[in-house]
Amino acid sequence: MSFTNAPVTRLTVVGLVAGSILASILDLKHYFYILIDVHIWRYRQFWRLLAYQLCYANSTEVLFAAMTLYNLRIVERMWGSRKFASFLIVTFLLTATLPPLVIMVLRPLTAGWFNYMPAGPTPIVYAILAQYHAMVPHMYKYRIATSEAPPTNSPFVGLTFSDKSYRYAVAIHLALLQWPGSLLGAAIGWVVGYSWREGLLPVALVRWRVPGWVVGLSTHRRSAEFEGLRRRLEGEDSASATGAQTAPSTGEGQAERRRTMGQQIYDQVREVL
């Protein structure tokens with residue numbers, strides 16, 4: 001139960017917690033949420049589109065987001081760090097603009113009810129949750145009965161859960177903490193995640209990958225290359241040593257084969273005398 005083989009997820013959780021703590025200590029939380037009528041229409045603070053997903057504004061959201069990301073670390077293990085990091089970057093760019101745009105459309109239709117986009121990467125969390133839902137099967141199911149205890153002839157009445165249910169429960173609680181804005185962001189993040197998985201997004205976005213050195217792949221590859229070179233050189237050295245050992249005996253044999261019959265008889269007579 002750790003972040004083994006999930007370095008991107010670990011970095012995301014650490015960065016999210018550290019950023020939220022710093023924003024609270026330095027009193028910068030008011031820079032990380034969006035009011036459509038004030039920040040976008042009046043003051044044109046479009047930089048908030050890239051800033052609002054960097055941290056959360058309260059500790060409860062930080063806790064539930066960190067728990068959800070920890071539960072979803074298996075996605076990175078199944079994909080690999082490079083693909084997972086690429087997915088996070090593409091999702092971040094898409095969810096930075098789509099939820100505020102949807103709120104801009106809904107605001108006049110709902111008499112200003114949709115006007116606030118809370119701080120935090122809830123859309124990104126739900127994009128990862130969509131991958132988890134599609135990729136990871138449940139291990140078992142269990143039922144909570146609300147009907148009479150057996151034996152009885154009445155059909156079963158109750159709720160069916162699986163081992164994945166508590167992960168969804170934590171994520172749903174995160175989406176409801178600052179609704180309707182957080183709930184709308186979660187829904188858009190889920191749609192973006194499934195669109196990325198089903199190939200509904202542009203092919204260039206789906207196939208794009210971060211450079212290998214970003215997640216440390218180039219270092220591992222270079223180490224593997226040096227290891228292969230070392231083994232190759234060791235093999236050549238052992239082959240050279242073997243050849244050097246067999247060369248003298250081969251030379252003696254060739255020299256012995258080149259002696260004439262008279263020389264061989266002379267050597268035998270000398271040994272006898």
Side-chain angles (χ1 to χ4, degrees), residues 12-13 15-20 22-24 26-66 68-69 72 84-131 133 171-198 200-202 204-206 208 210:
T12 303
V13 173
L16 178 63
V17 174
S20 301
L22 286 176
S24 179
L26 301 177
D27 196 18
L28 300 175
K29 293 189 291 184
H30 56 280
Y31 291 114
F32 295 99
Y33 63 86
I34 300 176
L35 290 173
I36 300 299
D37 58 343
V38 176
H39 298 141
I40 302 300
W41 293 129
R42 184 180 303 175
Y43 295 108
R44 301 292 192 270
Q45 296 179 351
F46 297 108
W47 54 267
R48 288 180 179 267
L49 298 177
L50 297 177
Y52 83 92
Q53 295 187 102
L54 298 179
C55 67
Y56 282 103
N58 60 72
S59 58
T60 304
E61 290 178 301
V62 174
L63 173 63
F64 280 91
T68 304
L69 289 172
L72 302 180
F84 185 73
S86 305
F87 171 75
L88 289 185
I89 293 175
V90 172
T91 304
F92 174 83
L93 295 177
L94 292 176
T95 55
T97 55
L98 289 179
L101 287 176
V102 174
I103 292 179
M104 291 179 192
V105 175
L106 295 178
R107 180 176 174 274
L109 301 178
T110 58
W113 193 52
F114 280 95
N115 186 50
Y116 173 68
M117 190 66 206
T122 302
I124 299 178
V125 172
Y126 266 78
I128 303 173
L129 185 65
Q131 310 303 321
H133 174 74
I172 291 173
H173 185 76
L174 174 65
L176 296 177
L177 285 175
Q178 294 202 49
W179 76 290
S182 59
L183 185 60
L184 178 64
I188 294 176
W190 183 279
V191 172
V192 169
Y194 254 97
S195 299
W196 192 91
R197 180 174 184 80
E198 299 298 330
L200 301 179
L201 298 178
L205 293 179
V206 177
W208 177 79
V210 298

Which atom of [X] lies closest to which atom of [Y], heavy atoms considered:
| X | Y | answer |
| --- | --- | --- |
| Leu174 | Glu61 | CD1-O, 3.7 Å |
| Met104 | Ile36 | CG-CG2, 3.7 Å |
| His30 | Asp27 | CE1-O, 3.1 Å |
| Gly19 | Cys55 | C-CB, 3.8 Å |
| Ala96 | Leu50 | CB-CD2, 4.2 Å |
| Phe32 | Ala51 | CD2-O, 3.1 Å |

What distance separates [X] [atom1] from [Y] [atom2], expressed to the nearest 0.5 Å?
| X | Y | atom1 | atom2 | value |
| --- | --- | --- | --- | --- |
| Ile89 | Leu94 | CD1 | CG | 12.0 Å |
| Leu183 | Ile172 | CG | CD1 | 10.0 Å |
| Ile128 | Trp190 | CD1 | CH2 | 12.0 Å |
| Leu106 | Leu101 | CG | CG | 11.0 Å |
| Thr60 | His173 | OG1 | NE2 | 7.0 Å |
| Tyr194 | His133 | OH | NE2 | 4.0 Å |

Exercise. Mind telling me whether Tyr33 and Tyr116 have parallel, tilted or perpendicular rings, with 30° and 60° as the class edges?
Key: tilted
Exercise. For the residue pair Trp113 and Trp179, categorise the inter-ring angle as parallel (less than 30°), tilted (30 to 60°) or perpendicular (more than 60°).
Key: perpendicular
Quiz prompt | Side-chain H-bond candidate by donor/acceptor type, Thr68 with Tyr126, under 3.5 Å | solution = no
Side chains of [X] and [Y]: does their closest heavy-atom pair fall under 4.5 Å?
| X | Y | value |
| --- | --- | --- |
| Thr91 | Trp196 | no |
| Thr122 | Gln178 | no |
| Leu98 | Val191 | no |
| Leu28 | Leu22 | no |
| Pro99 | Ile188 | yes |
| Ile103 | Ile34 | no |
| Trp47 | Tyr31 | yes |
| Leu16 | Ser20 | yes |

Self-check item: More than 12 heavy atoms from other groups under 6.0 Å of CZ on Phe92
Solution: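 For Phe92, atom CZ is crowded (more than 12 foreign heavy atoms under 6.0 Å).
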